[in-house]
Amino acid sequence: MIDLRQLRENPDQFLARLNLRGDYSAPIREILALDQQQRQIEVERSQLQARSNEIGKQVGQKIKSAAKDDPEVQALRDQGNQIKAQLGELEPQEKAIKAQLEALALTIPNLPDPATPVGKSEEENVEIKRWGDEYLPAQAELPHWEIGERLGILNFERSVKIAQSRFVTLIGAGAALERALIQFMLDRQTAAGYTEISPPFLVNTASLTASGQLPKFAEESFKCDKDDLWLLPTAEVAINSLHRDEILEAESLPLHYCAYTPCFRREAGSYGRDTRGLIRLHQFDKVEMFKFVHPDTSGPEHESLLQNAEAILQALRLPYRVITLCTGDLGFSAVKTYDLEVWMPSQGKYREISSCSNCGDFQSRRGNVRFKEAGKKGTQFLHTLNGSGLAVGRTMAAILENYQQPDGMVKLPKALQPYLNREML
RNA sequence: GGAGAGGUGGCAGAGUGGUCGAAUGCGCUCGACUUGAAAUCGAGUGUACGCAAGUACCGAGGGUUCGAAUCCCUCCCUCUCCGCCA
């Protein structure tokens with residue numbers, strides 16, 4: 001959620017930064033107007049209520065002093081009724097305006113960080129690092145789905161029978177590899193200080209709204225029609241709501257969590273893209289990292305989050321690069337995002353395998369997660385960060401392609417061998 | 001799914017129409033006493049908006065009333081028992 005006070009106090013500066021994402025002038029103008037109306041009505045309403053409270057007290061006193069039938073009592077009652085009538089008009093107005101304001105404000109994305117490069121589309125994302133050139137395979141071979149199907153460890157056709165396209169069934173060593181990767185990543189991230197969470201895989205509307213998936217991106221999630229429940233699109237949603245409506249002690253920060261969950265996405269509007277393989281599925285596994293931090297520390301916390309994600313790729317000896325998303329490609333809730341892209345030999349390019357975002361206080365406003373500093377009065381919104389550590393399906397795809405041998409076999413990265421008790425798939 | 005009970009401040013728990021943001025206890029903070037601690041005593045201790053006065057919040061929403069934590073309606077959630085079930 002945007003900070004209405006910040007907008008109100010400095011609308012031009014606010015809009016200038018927001019418009020680095022696209023043109024939000026119209027809704028912002030509307031929000032400012034609604035905000036002003038709302039505040040005006042609120043002043044009027046609370047004055048009437050003060051008067052009404054006073055009348056209520058007076059009536060109570062008169063009645064107590066046995067003057068039940070005092071004509072003054074009737075006069076006060078009449079006044080009370082008058083005020084009630086006025087409030088009866090103001091209150092619905094104020095409520096309607098508040099609801100409108102809230103609904104509109106929830107559709108405004110976060111302001112980009114000054115460090116986020118300005119750009120219109122993913123073309124203008126900035127590469128900041130490459131790692132692992134020495135591990136690039138000598139020549140491009142088969143795409144991972146062919147490798148996997150030859151080995152008999154992935155099956156897409158049968159998944160259509162079971163479900164639909166964009167699902168996979170893992171068999172034998174494939175299933176074991178997935179399990180090993182999950183275990184490996186969780187081992188690494190818990191060793192890095194993240195507390196492991198296993199959250200519900202169904203989440204309610206409030207949780208999706210808090211993290212920013214709703215109201216704007218309802219099309220992207222699967223909904224259970226009969227209940228107020230949706231299939232989890234990412235563990236970020238669940239962990240972000242772990243402390244929803246709480247006031248934490250400053251000393252308890254930072255909180256570092258990680259979680260393995262499946263993720264469910266409708267992938268609406270991506271019909272032609274990545275139709276084969278493990279890259280874009282309706283269901284995939286991910287180990288997610290999530291941090292609740294003091295606002296002063298979110299910058300460094302973001303850097304270390306990135307390092308924790310990179311560490312997995314380095315341990316697996318998978319070549320990758322790091323890019324900073326530009327303002328035009330930045331996700332809805334983020335102020336700054338690093339994407340990790342792993343080398344996919346069959347495609348001859350780097351593909352996203354992790355996204356590490358600093359969301360500032362955007363999600364904590366939406367989820368009302370605050371902290372209190374000893375000695376300071378009032379509360380503050382904390383900062384949240386999230387990052388994949390990593391997407392399991394894409395990691396598996398990258399391993400199959402980067403570790404394929406001339407004979408069609410696939411070697412296992414050294415770090416994984418103990419988990420599977422074997423060297424080759 | 002059937003039957004019942006209930007949702008009040010960090011926790012426990014009073015309050016069933018009037019000055020109740022809410023008794024009391026516990027917890028917590030500060031102070032006194034003490035060599036130190038415990039015990040004891042004293043003061044304080046929710047959130048949001050507002051410069052303030054003040055307003056709002058006792059699961060959520062609506063209603064009755066001059067006035068609602070308290071009465072009525074709807075919804076949500078939790079707990080107990082039974083049934084079913086991993």
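Reminder, nothing fancy here: chain letters follow the sequence lines and each chain counts from 1.
Straight-line distance from the CG atom of A:Asn53 to the C1' atom of B:G21: 13 Å, rounded to whole Å. Atom CG of A:Leu229 is separated from atom C1' of B:C76 by 13 Å (rounded to the nearest Å). Remark: C1' of B:U55 and CD of A:Gln47 are 10 Å apart, rounded to the nearest angstrom. Rounded to whole Å, atom C1' of B:G9 lies 16 Å from atom CG of A:Asp245. As a whole-Å value, the separation of A:Leu76 CG from B:U19 C1' is 15 Å. A:Glu102 places its CD atom 17 Å from the P atom of B:A48, with the value rounded to the nearest Å. When the P atom of B:U64 is taken as reference, atom CG of A:Asn81 falls 11 Å away, rounded to whole Å. A straight line from CZ of A:Arg244 to P of B:C77 spans 14 Å, rounded to a whole angstrom.
Looking at A:Arg266 and A:Glu220, no side-chain N of the basic residue comes within less than 4.0 Å of a carboxylate O on the acidic one, giving no salt bridge. Looking at A:Glu94 and A:Arg45, a side-chain N of the basic residue comes within less than 4.0 Å of a carboxylate O on the acidic one, giving a salt bridge. Using a cut-off of 4.0 Å between Lys/Arg side-chain N and Asp/Glu carboxylate O, A:Glu288 and A:Lys286 are scored as salt-bridged. At a threshold of 4.0 Å, the pair A:Lys120-A:Asp329 does not count as salt-bridged, since none of the basic side-chain nitrogens sits closer than that to a carboxylate oxygen. Salt-bridge formation is not detected for the pair A:Lys336/A:Asp113: no Lys NZ or Arg NE/NH1/NH2 atom is positioned less than 4.0 Å from an Asp or Glu carboxylate oxygen.
The gap from the P atom of B:G21 to that of B:C28 amounts to 29 Å, rounded to the nearest Å. Nucleotides B:G42 and B:C26 place their P atoms 12 Å apart, quoted to the nearest Å. Taking atom C1' in both B:G18 and B:A52, the straight-line distance is 28 Å, to the nearest Å. Straight-line distance between the P atoms of B:G6 and B:C72: roughly 13 Å, to the nearest whole Å. Spacing of C1' atoms, B:C33 relative to B:U40, comes out at 8 Å, to the nearest Å. When the C1' atom is used for both B:A60 and B:A69, the distance is 15 Å, rounded to whole Å. When the C1' atom is compared between B:U65 and B:G59, the two are found 23 Å apart, to the nearest whole Å. Comparing the same atom, C1', in B:U16 and in B:G10 gives a spacing of 26 Å after rounding to whole Å.
When both pairing distances are held under 3.5 Å, B:C79 makes a Watson-Crick or G-U pair with B:G4. In a base pair of the Watson-Crick type (N1 to N3 plus N6-O4 or O6-N4) or a G-U wobble (N1-O2 and O6-N3), with each distance short of 3.5 Å, B:A22 is matched with no nucleotide. Shown here, B:U65 forms no base pair; nothing in the strands shown gives a Watson-Crick or G-U wobble contact with both key distances under 3.5 Å. Of the nucleotides present, B:U74 is the one that pairs with B:A60 by Watson-Crick or G-U wobble criteria, both distances under 3.5 Å. Across every strand in view, B:G42 sits in a pair with B:C30 that passes the Watson-Crick or G-U test at under 3.5 angstrom. Here B:C84 sits opposite no nucleotide as a Watson-Crick or G-U wobble pair (both hydrogen-bonding atom distances under 3.5 Å). Remark: B:G17 base-pairs with no nucleotide; criterion is Watson-Crick or G-U wobble with both hydrogen-bond distances under 3.5 Å.
Residue-level contact check: A:Glu42 touches the backbone only, with heavy atoms under 4.0 Å from sugar-phosphate atoms and none from bases.
Comparing atom distances between the A:Val59 side chain and each of B:C66, B:A56, B:U47 picks out B:C66 as nearest. Checking B:C49, B:U19, B:U65 against every side-chain atom of A:Gln61, the shortest atom distance belongs to B:U19. Proximity note for A:Ser52 (side chain, C-beta onward) versus B:G50, B:G67, B:A48: the nearest is B:G67. Of the candidate nucleotides B:G54, B:C66, B:U47, B:U47 has the atom lying nearest to any side-chain atom of A:Arg370. Closest to the A:Arg39 side chain, of the nucleotides B:A56, B:G50, B:U47, is B:G50. Set against B:U65, B:C49, B:A48, the side chain of A:Thr379 has B:A48 as its closest nucleotide. Relative to the side chain of A:Ile63, the nucleotides B:G18, B:G62, B:U47 differ in distance, and B:G18 lies closest.
For B:U47, one of the phosphate oxygens OP1 or OP2 lies less than 4.0 angstrom from a side-chain nitrogen or oxygen of A:Lys372. Put simply, A:Lys84 has a side-chain N or O that comes within less than 4.0 Å of OP1 or OP2 on B:G67. Listed pair A:Lys95 / B:G62 meets the phosphate criterion, a side-chain N or O lying under 4.0 Å from OP1 or OP2. The shortest distance between the side-chain N/O atoms of A:Lys57 and the OP1/OP2 oxygens of B:G67 is not below 4.0 Å. Within the 4.0 Å cut-off from OP1 or OP2 of B:G50, at least one side-chain nitrogen or oxygen of A:Arg5 is found.
Every residue two or more places apart in sequence or in another chain that forms a side chain to side chain contact (heavy atoms under 4.5 Å, CB included) with A:Gln47 is listed here: A:Val43. In this structure, the side chain to side chain contact (heavy atoms under 4.5 Å, CB included) partners of A:Asp187, at least two apart in sequence or on a different chain, are A:Gln183, A:Tyr419.
For A:Gln380 and A:Ala50, each mapped to the nucleotide of RNA chain B holding its nearest heavy atom, the one lying further toward the 5' end belongs to A:Gln380.
A side-chain donor-acceptor contact under 3.5 Å links A:His302 to the backbone of A:Cys356.
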